[in-house]
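All values below were derived from every heavy atom in this structure, side-chain atoms included, with hydrogens, water molecules and symmetry-related copies excluded. Numbered from 1 within each chain, the chains take letters A, B, ... in sequence-line order.
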Protein chains: 2
Amino acid sequence: MNNTPVTLKFLAEKLKMSVSTVSKALNNYPTINEYTKQRVQEMARDLHFTPNKSAINLKEKKSHIIGIILPNLLDHFFTRSIYGVEQFATQNGYNVIISQSHDDLKKEIQSANMLLRSRVDGLIVAISKHTQDFAHLDQFENMGIPVVYYTRNPSFNLSCHKVLGNTFQGCYQATKFLIDRGHKKIAYLGGPKMINFTHERFNGYINALNDNQVPFSSELVAYTDFDKENTISAIKNLFANPENMPTALVAFKEPIMFDAMKYLKSINHPDFDKIEYVGFGNTSFISYLDSPPIASIEENPESVGENAIKLLIQLINKEIDIHNYQKVMVDCKLIVHG
Amino acid sequence: MNNTPVTLKFLAEKLKMSVSTVSKALNNYPTINEYTKQRVQEMARDLHFTPNKSAINLKEKKSHIIGIILPNLLDHFFTRSIYGVEQFATQNGYNVIISQSHDDLKKEIQSANMLLRSRVDGLIVAISKHTQDFAHLDQFENMGIPVVYYTRNPSFNLSCHKVLGNTFQGCYQATKFLIDRGHKKIAYLGGPKMINFTHERFNGYINALNDNQVPFSSELVAYTDFDKENTISAIKNLFANPENMPTALVAFKEPIMFDAMKYLKSINHPDFDKIEYVGFGNTSFISYLDSPPIASIEENPESVGENAIKLLIQLINKEIDIHNYQKVMVDCKLIVHG
DNA sequence: AACAACATTTCAAACGTTTGAAATAATTGC
DNA sequence: GCAATTATTTCAAACGTTTGAAATGTTGTT
């Protein structure tokens, strides 16, 4: 095989010209003679010259790598969001390194340090459900590397760039939809309390109730940390009082909605087939269910990803100052099934 | 913020010693005085020194990056396989860049070229369903960069490293399971004909039939390229002859099995609830179905990923010669539900 | 006091590329 | 035919690290 790697120097020797001429020819410098360019480019093609990225990166003080830290690739929200990131990143000459935290803070810190060592040019991160201290992520900004929080972000912290779904609007819309269908007893099944979306969605829910004169009942609200048993006990609570039985349910996420549906069916809940469900997600899987939810809240993850990478690249290019903190909201869309 | 980046040189100036002493102190060279090491390491910690990977990569002629090309992250097989890859790669000091081909050959070629420019140290690839020419992947081996094909691989080509599920065994087992449950008319719904697994699984199916004296009927075999309409028409064919009605179905992949179930239900097929299904995948989603499949063939994607990265690292370290082509099989496991 | 033996530090080149400044070659005007 | 332009090529330093060889410093032995 190729024992001597094909470098600029190698090409230069072959062509009997200097390394800089070769470099400039390949980079299409106007000062280089057309004929020379042609000769160089031809030789480069023939010998399969590939510029060494490490060298370029060192010279340019850029890695051309963007890091993403996210909880889990098994969650379709994140997988779909990557699609948006990838496309725009590639177009702009960036590679993407994805690192999963598995919702484990220790793993998240590891990932952050690893990406820092790799000198990523920017970072997109959806924090784990346990992240409360941000030292491992603040390092980046301290070194001048921009960070965009997407979806899951530090609720209390205003000094950071955020791209997130307009989850208030999504939940408002869903609740309104159920009210319009005549429901008076609408339950809200929220996610982990540490995730700020849990509360934003709740606000959407309660605002829709208030705006439409539907009385609020705290019995109709419960939370789960996504753990199966935790979810079941939350659902039990929601359906505990026979005097105050929900006829509809808004769920923080489709998987826990499925758990709810499964549980109610398993206990042969009398009104099982009358209850109407709406959840965040819009999984393709829904179409295979015998009694599918009435609607889904589509969060447009591709768009969230795309907005995150666009903002990040603007920050990298210093088109936006790193301390001029931005907040981008992506609207949700209610998809009615059937 | 930090205007002057913290480099070895910067540390050296602060400490009034040479760059090489600092470097060696940080790398724990035995020739460096203990006290000096202490001073250097302390200063490095205090100033948050992070070695510049591009420089190291350039010097070591390694990128410490492993590339993965796969069709799609929405497919849980691939997402789960990444889990296996990631862990072992990180442990060995490698970063992973994942690139999706979306089963599009052009995109696959682009990804390959991008990863080649990034000078990945090794490549793990599951080819698109349209890949028949391998020039874009052969480049890597020509440059001495090892490539491991996993799962989807060039069937006819023996001169490559492969890690794959023992899909013959999986399909044999599933078919045998259905035979043991008394089925005589077992349909086989295969995947795209270009994917070699389609045929290996078919062989497992037919061998199980033969070994157990169940007559084979070509009417009970159909193929789909995963396209919805294509799948429906394949299913129609399987259930076309009333004289030869299947009582069980082995499906190449759970999503197309779901399509089959949905279709048969939608046409109110008389024996709908008697038909027993088995598919490759073991999606977590199954538990939410009203009439779930009788069993799933678990392909152990994590293990496939782990074996692929282990082999790749051995190849990178030249513990195995790059031309000593390896084939690793990972057994499937039949999971009976309910 | 001289010198071997060892401990420790520094020098200097290398990895492959980019790029402004300097050098050289080719062309033009007079 | 020679200076003045302009076109083209080359020089040389830089990016941040590693590493064998060379230099320097320190002890101990006689």
Side-chain angles (χ1 to χ4, degrees), chain A residues 2-41 43-44 47-65 93 116-121 143-144, chain B residues 2-41 43-44 47-65 93 116-121 143-144:
Chain A
N2 273 349
N3 302 327
T4 25
V6 183
T7 64
L8 288 184
K9 193 174 158 203
F10 185 77
L11 290 181
E13 278 162 11
K14 283 261 169 205
L15 291 158
K16 295 193 193 313
M17 42 177 90
S18 79
V19 172
S20 24
T21 310
V22 175
S23 168
K24 286 174 178 171
L26 290 172
N27 289 311
N28 210 28
Y29 268 54
T31 69
I32 301 293
N33 182 285
E34 274 309 319
Y35 176 61
T36 310
K37 280 185 193 172
Q38 241 178 283
R39 286 209 307 144
V40 171
Q41 277 160 11
M43 177 72 72
L47 299 183
H48 300 107
F49 168 77
T50 340
N52 183 318
K53 252 220 166 158
S54 299
I56 296 175
N57 291 345
L58 177 59
K59 193 83 230 295
E60 293 190 355
K61 296 171 179 243
K62 285 195 68 165
S63 63
H64 295 100
I65 294 176
L116 194 70
R117 275 196 302 279
S118 295
R119 284 277 199 285
V120 292
D121 293 334
M143 288 183 68
Chain B
N2 273 350
N3 303 328
T4 24
V6 183
T7 64
L8 289 184
K9 194 175 158 201
F10 185 77
L11 290 182
E13 278 162 12
K14 283 261 169 207
L15 290 158
K16 297 191 191 311
M17 43 176 90
S18 77
V19 172
S20 24
T21 308
V22 176
S23 169
K24 286 176 178 169
L26 290 171
N27 290 311
N28 211 28
Y29 268 53
T31 71
I32 302 293
N33 182 285
E34 273 311 317
Y35 176 60
T36 311
K37 280 185 195 174
Q38 241 178 282
R39 286 208 308 144
V40 172
Q41 277 158 11
M43 178 71 72
L47 300 183
H48 300 108
F49 168 76
T50 342
N52 183 316
K53 254 225 168 154
S54 300
I56 296 175
N57 291 345
L58 178 59
K59 193 83 232 292
E60 291 190 355
K61 297 174 179 237
K62 285 195 69 166
S63 64
H64 296 98
I65 294 176
L116 194 68
R117 275 197 302 279
S118 295
R119 284 276 199 287
V120 293
D121 293 334
M143 288 183 67

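Nucleotide C:dT19 holds its P atom 13 Å from the CG atom of A:L26, rounded to whole Å. Atom OH of A:Y35 is separated from atom C1' of C:dA26 by 17 Å (rounded to the nearest Å). Rounded to whole angstrom, the span from the CD atom of A:E34 across to the P atom of D:dT6 amounts to 20 Å. Between B:R119 atom CZ and C:dC15 atom P the separation is 14 Å, expressed in whole Å. Distance B:K9 NZ to C:dC11 C1': 15 Å, rounded to the nearest Å. With rounding to whole Å, A:L15 atom CG is found 16 Å from D:dT8 atom C1'. One can place CE of B:M17 at 19 Å from P of C:dA7, the figure rounded to the nearest angstrom. Across the protein-nucleic acid pair, B:K16 atom NZ and C:dT10 atom P stand 12 Å apart, rounded to whole Å.
Note on A:F49: only backbone sugar-phosphate atoms sit closer than 4.0 angstrom, heavy atoms only; bases stay farther off. B:S23 comes within 4.0 angstrom of a base, heavy atoms only. Nucleic acid contact for A:L58: base, since at least one base atom lies under 4.0 Å from a heavy atom of the residue. Using a 4.0 Å heavy-atom criterion, one finds that B:F10 contacts no nucleic acid atom at all. Residue-level contact check: A:N57 touches neither bases nor backbone, having no heavy atom under 4.0 Å from any strand. In this structure, A:T36 reaches the sugar-phosphate backbone alone: every heavy-atom distance under 4.0 Å involves primed, P, OP1 or OP2 atoms, never a base. At the heavy-atom level, B:S20 lies under 4.0 Å from base atoms of the strands shown.
Of the possible polar contacts, none joining the B:N27 side chain to the B:Y29 backbone as a donor-acceptor pair under 3.5 Å is found.
Closest-nucleotide positions on DNA chain C for B:P30 and A:A55 were compared, and the one nearer the 5' end corresponds to B:P30. Where B:E60 and B:I32 meet DNA chain C, the nucleotide closest to each residue was compared, and B:I32 sits on the side nearer the 5' end.
In terms of heavy-atom proximity, A:S54 sits nearest to B:L58 at CB-N, 3.8 Å. B:K53 and B:H64 make their closest contact through NZ-CB, 3.9 Å (heavy atoms, listed as atom of the first residue, atom of the second, distance). Of all non-hydrogen atoms in A:S63 and A:V120, the two that sit nearest each other are OG-CA, 3.4 Å.
Proximity note for B:Y29 (side chain, C-beta onward) versus D:dT17, D:dT19, C:dT17: the nearest is D:dT19.
For B:K24 and C:dT10, a side-chain-to-base donor-acceptor distance below 3.5 Å is present, hydrogens and geometry of angles not being considered. Residue A:K59 places no side-chain atom within donor-acceptor reach of the base of C:dT17, judged by atom type and a 3.5 Å distance cut-off alone. The base of D:dG16 has none of its N or O atoms less than 3.5 Å from a complementary donor or acceptor on the side chain of A:K61.
Within a 6.0 Å sphere centred on NZ of A:K9, heavy atoms belonging to other residues, nucleotides or ligands number 12 at most.
Inter-residue side-chain proximity for B:T7 and B:N52 is flagged as unmet; no heavy-atom pair is nearer than 4.5 Å.
Here B:T7 does not reach the OP1 or OP2 of D:dG16: none of its side-chain N or O atoms lies under 4.0 Å away. Taking 4.0 angstrom as the limit, B:N52 places none of its side-chain polar atoms (N or O) nearer than this to OP1 or OP2 of D:dT17. For the pair A:T21 and D:dT9, the criterion of a side-chain N or O lying under 4.0 Å from OP1 or OP2 is not met.
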